[in-house]
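Can you keep this structure in mind? I'll have questions shortly.
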Amino acid sequence: MRKKLIAGNWKMNLNVTDTRKMLSELVEKNLNSEVEALICPPFTSLEAASEILKGTNIKLGAQNVSEYEDGARTGEISTNMLKDLSVSYVIIGHSERRTYYGETDEIVNEKIKRTLSQNLKAVLCVGEDEVERRENRHEEVVKSQLEKGLREISENTEDIVIAYEPIWAIGTGNTCSSEDAESMCKFIRSSVANIFSSEIADNMRILYGGSVKPSNVRELMSNENIDGALVGGASLKAEDFQSLVNFGE
Ligand SMILES: O=C(CO)COP(=O)(O)O
């Protein structure tokens, strides 16, 4: 049985003071222990977050990582630097990094290899844009992202999580319907089975992301192939994140 995962991707929001405030409130909340909770703050807040989350069941993640181990890579952050701060998950290949910072499938693949090699969990983001959806090319696009992103990976596949985030649903309030999200997550599971094996696919968690809110999380999580959510805007307040983890309660 796959344990549901609710992950908050804070993106470029909440400075250290705001992080301390939010997480100090969150650790006092009653969260469903059957659901894994993950917070991915900006790099600058990781140390503060690590201190506050220590001893809790709330996991800590990063929003990106370098594909290189160390060295002359100005502005980059390494897996070792993240592990030093008790980070256990890394979001890789988010559409905003692909769109605004030119991250290719090949770079994403290198980042995943680096992340898995360091025994960190990799959350691979895939998803089509509005034109690709309109032209009914969403399965073709996502299948290609999976095949290229997961190329030449054979170890630590249990540390891979997939996040299906249709770009047209991110930050728009235009959430993918529960039926369409389930259909795509089922397609992703089938694609992963072809890349690895049915056993690996059956055990791999597949999240949905794109305007998930406390008001729609329960319906989305009721689907067989949706194992959680990757949430942006609605993850920034402790009360909202508690509601997401408790599936709208
Ligand atoms: O990009 C997302 C999470 O990674 C989704 O963002 P929103 O929840 O704000 O639509």
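Ligands are counted one by one from 1 in listed order, and the atoms in each one are counted from 1 as well. Heavy atoms only: backbone and side chains are in, while hydrogens, waters and symmetry mates are out. Just so we're clear, the structure is a prediction, and the values are computed from it rather than from any experiment.
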Handout entry: Single hit among Glu76, Lys111, His94, Glu96 for side chain to side chain donor-acceptor pair (under 3.5 Å) with Asn64
Key = Lys111
Exercise for the section: Mind checking the SG-CD1 spacing from Cys185 to Ile226? Nearest 0.5 Å is all I need. Expected result: 4.5 Å
Exercise for the section: In plain terms, say whether Glu25 and Lys21 are close enough for a salt bridge, that is, a side-chain N and a carboxylate O under 4.0 Å apart. Expected result: yes
Practice task
Give the C-alpha distance, both sets of side-chain angles, the deciding distance and a yes or no for salt bridge (Lys or Arg N to Asp or Glu O under 4.0 Å) between Asp227 and Arg205.
Solution key: CA-CA 5 Å; Asp227 305 312; Arg205 287 181 294 185; over 6 Å; no
Problem - Donor on one side chain, acceptor on other, Thr175 and Ser211, under 3.5 Å - result: no
Practice task
Using a strict cut-off of under 4.0 Å between a residue heavy atom and any atom of ligand 1, list the qualifying protein residues by chain and number.
Solution key: Asn9, Lys11, His94, Glu165, Ala169, Ile170, Gly171, Gly210, Ser211, Leu230, Val231, Gly232, Gly233
Exercise for the section: Check side-chain hydrogen bond (donor to acceptor under 3.5 Å, both in side chains) between Glu147 and all other residues, then give those that pass, not counting sequence neighbours. Expected result: Lys143
